[in-house]
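What follows is a single structure, written as structure tokens, with notes after it.
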Amino acid sequence: MKILKFGGTSVGSAERIKGLLDIINPQNRQIIVLSAVAGTTNALVEISQAYLAGDKDKASALINTLHDHYRTLISELFTSDEGRRNGEELIDYHFSLIASFSSKLFTPVEEKIILAQGELISTTLFHFHLTELGIRSKLLPALDFMKIDEDNEPKIDFIREHLNELLLQANDHNFFITQGYICRNAFGEIDNLRRGGSDYTASLIGAAIGADEIQIWTDIDGMHNNDPRIVKGTEPIAHLSFDEAAELAYFGAKILHPQSVFPAQRFNVPVRLLNTMAPNAAGTLISKDGMAKGIVRSIAAKDGITAIRIHSSRMLLAYGFLRRVFEVFERYKTPIDMITTSEVAVSLTIDDTKYLQEIEQELGDFGTVEIDRDQTIVCVVGDFGWDTHGYASRVLDAVKHIPVRMISYGGSNYNISLLLKTEDKVESLRSLHNRLF
Ligand code: ADP
Ligand code: ASP
Ligand code: MG
């Protein structure tokens, strides 16, 4: 069984939805994971923000615009009266649900219900489209099997058990369709796997059922060696190891959701990144084999980082100090990305600032605390094991004209990370690209 995930642009218009059948062979046994139609989740975020702000007029104007967009899509997608009617009934249902929140109390629970509508619509439209063409397919409701726990971590055993049950019930089908991104949380409420989460859905499904392969179909021919939105002349990478791909995804390569490599890696399911606009391009294969030795593979950047420095003379020759610092972050369920230490200070970075104030206050018991916002982690991935040499100096040489706040090297064999001001990101990515490739 293969898992094929198509992102927002790959289902971005009636023409693109129709074009999926140039890529998908309906005879194969497969699960298709779809994102929302491009732009939809952003629009749903805006609608939710209008509700949260109590601006119902703005919310309903945004809802009408999005509804109209879908009316056009449906008129272009379906050829029969019945197909069009089914499509219209579907979007009328979802848009009246979205509009029904205007008169109610609006909390994050309602917000997540709204954010889920995009994937619910795209998958059902695709299913209706296939039905109109006489192709049998089965919709698998992600809300019946995709589950996260109280720490927002996916429950892989639950997913496996419930998904297998659904597949068994529909054992006269080969062609399955499900929603990316959406799930249920520990309270049974509708939730999501965070923005870009459809990649994570595909990886979790592939891992849970031991798929042969996970294919992530998007609008570019694989993982490039730098951010193509910022740097000119980037090139696709034919093969990455799970570790390399995980570092790149985690540290900002937008083509993959930050956590999406881990499930595939844990259950050793190869992942292919492929281009819907150029289906014959080789793309990128991510698998357990062969990390290329002695070369720089790729560069990525992650914005929205906050650096925290704790300076304390009590740290000198003290054991247990770092444990107490880490415990503060553990209490507030705030992951640390980078860390460096000296005799009397420790610097670390976080991207989730929900409890920053509380963390700052508790760390204040240990010493002086300095906070720097608007930082970016630039991550260079390659084979930098201790038996190689010269890479750290090449990386630092490339950014010698840029102030660097932190450097992390040696944590793993394949990552050199720099922390710098977000305003210096573009220049650092370009300069590293020119020097390293
Ligand atoms: P989808 O909607 O299919 O999930 P995304 O927009 O989430 O697509 O991801 C694809 C985009 O990621 C590309 O269009 C590209 O601009 C961006 N991107 C950022 N970094 C990289 C990289 N290193 N390699 C390839 N694409 C990247
Ligand atoms: N539709 C969701 C988003 O825009 C999930 C995804 O595209 O992967 O974030
Ligand atoms: Mg994406």
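Order of listing sets the numbers, starting from 1, for every ligand and every atom in it. Please read all numbers here as calculations on a predicted model, not as lab measurements. Residue indices begin at 1 and follow the sequence shown.
- For ligand 1, the atoms lying closer than 4.0 Å to a non-hydrogen atom of G222 are 24 (N), 25 (C).
- Remark: distances from the non-hydrogen atoms of N226 to ligand 1 include one below 4.0 Å.
- Every heavy atom of S298 sits 4.0 Å or more from the atoms of ligand 1.
- Checked for salt-bridge contact, D191 and K112 meet the test: a charged N lies under 4.0 Å from a carboxylate O.
- Residue R229 approaches ligand 1 through these ligand atoms, each under 4.0 Å from one of its heavy atoms: 16 (O), 19 (C).
- T276 places a side-chain N or O within 3.5 Å of a backbone atom of T218 that can act as its donor or acceptor partner.
- The protein heavy-atom contact nearest to atom 24 (N) of ligand 1 is H224 N, 2.8 Å.
- Ring geometry for F106 versus Y51: interplanar angle of 30 to 60°, hence tilted.
- Not counting sequence neighbours, the partners of D397 by the salt bridge (Lys or Arg N to Asp or Glu O under 4.0 Å) test are K400, R435.
- Every protein residue with a heavy atom nearer than 4.0 Å to ligand 2 is included here: S35, A36, T41, E119, Y181, R195, G196, G197, S198.
- Salt bridge status for D151 with K333: present, with a side-chain N to carboxylate O gap under 4.0 Å.
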Compile the donor-acceptor pairs under 3.5 Å between side chains in residues 14-28 and protein atoms, sequence neighbours left out, one pair per line.
from: R16; atom 1: NE; to: T9; atom 2: O; distance (Å): 3.4
from: K18; atom 1: NZ; to: E76; atom 2: O; distance (Å): 2.9
from: N25; atom 1: OD1; to: Q27; atom 2: N; distance (Å): 2.9

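- The protein heavy-atom contact nearest to atom 12 (O) of ligand 1 is I255 N, 3.5 Å.
- Between the side chain of N226 and the main chain of L429, a donor-acceptor pair closer than 3.5 Å is present.
- Ring geometry for H162 against F158 counts as parallel: the plane angle stays under 30°, on a 0 to 90° scale with 60° as the upper cut.
- Short contacts between ligand 1 and G7, defined as distances under 4.0 Å to a heavy atom of the residue, involve ligand atoms 1 (P), 2 (O), 3 (O).
- Near G8, the atoms of ligand 1 lying under 4.0 angstrom from a non-hydrogen atom of the residue are 2 (O).
- Closest protein heavy atom to atom 1 (P) of ligand 1: T218 OG1, 3.6 Å.
- Residues in residues 251-265 take part in these side-chain hydrogen bond (donor to acceptor under 3.5 Å, both in side chains) pairs, two or more places apart or across chains: D243-Q265.
- The aromatic rings of F384 and Y409 lie perpendicular to each other, with more than 60° between the two planes, well past the 30° mark.
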Practice problem: Apply side-chain contact (heavy atoms from CB on, under 4.5 Å) to the pair I216 and R272, showing each step before the final yes or no. | Solution: CA-CA 6 Å; I216 306 287; R272 262 181 217 283; over 6 Å; no

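- Ligand 1 has a nitrogen or oxygen under 3.5 angstrom from a nitrogen or oxygen of K254.
- Proximity of S10 to ligand 1 is not established, as no heavy-atom distance is less than 4.0 Å.
- Of the candidates I91, I177, L90, L90 is the only one forming a side-chain contact (heavy atoms from CB on, under 4.5 Å) with T124.
- At least one N/O-N/O distance between D219 and ligand 1 falls below 3.5 Å.
- Of all the atoms in ligand 1, the ones that sit under 4.0 Å from a non-hydrogen atom of I220 are 13 (C), 25 (C), 26 (N).
- Here the heavy atom of the protein found nearest to atom 21 (C) of ligand 1 is P228 CD, 3.4 Å.
- Note on ligand 1: K5 sits in its first shell, one or more heavy atoms being nearer than 4.0 Å.
- Using a 4.0 Å cut-off between charged nitrogen and carboxylate oxygen, D199 and K5 count as a salt-bridge pair.
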